[in-house]
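Each remark here refers to the structure printed beneath this line.
Since this is a predicted model, take the numbers as computed values, not measurements. Both backbone and side-chain heavy atoms feed into the values below; hydrogens, waters and symmetry mates do not. So you know, we letter chains A, B, ... as the sequences are listed, proteins then strands, and number each from 1.
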Protein chains: 2
Amino acid sequence: MVTIESSIKVRLVKIGELAKLTGCSVQSIRHYEKEKLLATLRRSDGNFRLYDSATVDQLKFIKHCRSLDLSLAEIRQLIALNQQPGMGCEDVNRMVDSHIEQVALRINELQDLQDKLMALRNSCASQSTVKECGILQTLSVTQK
Amino acid sequence: MVTIESSIKVRLVKIGELAKLTGCSVQSIRHYEKEKLLATLRRSDGNFRLYDSATVDQLKFIKHCRSLDLSLAEIRQLIALNQQPGMGCEDVNRMVDSHIEQVALRINELQDLQDKLMALRNSCASQSTVKECGILQTLSVTQK
DNA sequence: CTAAACTCTATGGTAACTATAGAGTCAAGC
DNA sequence: GCTTGACTCTATAGTTACCATAGAGTTTAG
């Protein structure tokens, strides 16, 4: 039996072109496949991966998520949620909220760090020798 | 020949006590040794690492540097510089300056990310279904 | 038909550790 | 002297999201 679908010609691309279309590296794509974020539609006779345009979109979605620093595990969750259109999307909101919180925490940490580094930097007046360097002296003092 | 030093009794501690004294984990200490940041003064007959109080200070120095997020490679440099008391300390200043710059960059990146995440979060009004979730829709749209 | 360009899998490397296994060491109590 | 528990030893695998490489096979343009 030949289905209608099987007779429609679909443009399939190899991994290199998928990479160009999305701006991902070839290795990343293979990595996403291994991590089950992206499926390979099928293979050529010579075992090359072949992708359709839906996969291009899927990969763009992944790339967008990565640009927001979502982990592959989080993206996997989002993809799974996306496949349950009828469910409530509280889980999606929760994930984004917690991600925002983590980023905020990290920013605060780095801001503290920045303050400490500036103070450290101010403890040395550049034209000094290693022996008298305020930075090294400060680093040698046990902190609170 | 017996030197004066060899007859002075020095209190030596094993790795577990060094860990307690400094707040580092035992594994970290062994890791720092492997990375040549910390030398083991000597070993007991049973091959246990033994440390003196100078090593305690050295490790505190390392810990202080790590709390400022300096890499082990940077710390290794600082230690080397510290052993050349007569030299100018411009290199120390340069390292701290560049570190400050890197942290500033990272803060800016995270701030951008935070803005994007907030915008994303605002695209969904919580009580929605996955199908209508503004977050998932936004993530599916190709960005600039 | 050949050479360049592409793709395949498998493996090792990145940073700074943490965690584990399996074996040996040490100190105290009986 | 012996056991028991706490400690230590080395070596290895795992963490994260890839990148780099080797060695082999595939495809395509000229």
Side-chain angles (χ1 to χ4, degrees), chain A residues 11-51 55 59 61-79 95 99 102-103 106 109-110 113, chain B residues 11-51 55 59 61-79 95 99 102-103 106 109-110 113:
Chain A
R11 194 173 107 85
L12 298 177
V13 298
K14 286 183 287 184
I15 199 168
E17 190 165 353
L18 179 60
K20 265 182 207 154
L21 286 172
T22 57
C24 294
S25 75
V26 168
Q27 296 105 310
S28 295
I29 296 171
R30 288 197 278 243
H31 183 62
Y32 295 154
E33 177 178 329
K34 197 181 299 173
E35 294 293 319
K36 312 221 177 284
L37 295 183
L38 203 65
T40 292
L41 188 66
R42 51 190 173 94
R43 300 279 188 139
S44 74
D45 292 348
N47 201 33
F48 284 13
R49 291 170 177 84
L50 297 175
Y51 301 100
T55 311
L59 184 50
F61 175 89
I62 294 172
K63 208 197 169 197
H64 195 165
C65 291
R66 286 295 299 139
S67 80
L68 296 171
D69 224 27
L70 295 172
S71 69
L72 299 194
E74 287 173 318
I75 298 171
R76 199 166 19 232
Q77 268 187 65
L78 283 181
I79 291 171
M95 181 185 300
H99 201 69
Q102 284 168 42
V103 173
R106 186 69 186 137
E109 280 174 20
L110 287 180
L113 185 58
Chain B
R11 192 173 108 83
L12 298 177
V13 299
K14 286 183 286 185
I15 199 168
E17 190 166 352
L18 179 60
K20 266 182 205 153
L21 286 171
T22 57
C24 293
S25 75
V26 168
Q27 296 104 309
S28 295
I29 296 171
R30 288 199 276 244
H31 183 62
Y32 295 154
E33 177 178 326
K34 198 180 299 172
E35 294 293 318
K36 312 221 177 283
L37 295 182
L38 204 65
T40 292
L41 188 67
R42 52 191 172 94
R43 300 278 189 138
S44 73
D45 292 347
N47 201 32
F48 285 12
R49 291 171 177 83
L50 297 175
Y51 302 99
T55 310
L59 183 50
F61 175 89
I62 293 172
K63 208 198 170 197
H64 195 165
C65 290
R66 286 295 299 140
S67 80
L68 296 172
D69 224 28
L70 295 171
S71 69
L72 299 194
E74 287 173 317
I75 298 170
R76 200 167 15 234
Q77 267 188 64
L78 283 180
I79 291 170
M95 181 185 300
H99 202 68
Q102 283 168 42
V103 173
R106 186 69 187 136
E109 280 174 20
L110 287 179
L113 185 57

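- Side-chain nitrogen and oxygen atoms of B/R43 include none within less than 4.0 Å of the OP1 or OP2 phosphate oxygen of C/dG24.
- Between B/D69 atom CG and C/dA16 atom C1' the separation is 11 Å, expressed in whole Å.
- Side-chain contact check for A/V103 versus A/D69: every heavy-atom pair is 4.5 Å or farther apart.
- Distances shorter than 4.0 Å separate none of the side-chain N or O atoms of B/R49 from OP1 or OP2 on D/dT8.
- Side-chain contact between A/L12 and A/L41: present, with at least one pair of heavy atoms (C-beta onward) separated by less than 4.5 Å.
- The nearest whole Å value for the distance from the CD1 atom in B/I15 to the P atom in C/dT18 is 12 Å.
- Applying the 4.0 Å criterion to OP1 and OP2 of C/dA15, one finds that B/S71 has every side-chain N and O outside that range.
- Within the 4.5 Å cutoff, side-chain heavy atoms of B/V13 are placed close to those of B/L18.
- The shortest distance between side-chain heavy atoms of A/I29 and A/Y51 falls below 4.5 Å.
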| remark: Whether each nucleotide of nucleotides 21-30 of chain D has a protein heavy atom under 4.0 Å at its base (B), only at its sugar-phosphate (S) or at neither (-) is summarised, 5' to 3', as ----BSS---

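- OP1 or OP2 of C/dC17 has at least one side-chain nitrogen or oxygen of B/Y32 nearer than 4.0 Å.
- Side-chain contact between B/K14 and B/L50 is present, with heavy atoms from C-beta onward closer than 4.5 Å.
- In this structure, B/S25 reaches the C/dT18 phosphate: one of its side-chain N or O atoms is under 4.0 Å from OP1 or OP2.
- Atom CD in A/E33 sits about 17 Å away from atom P in D/dA17, given to the nearest Å.
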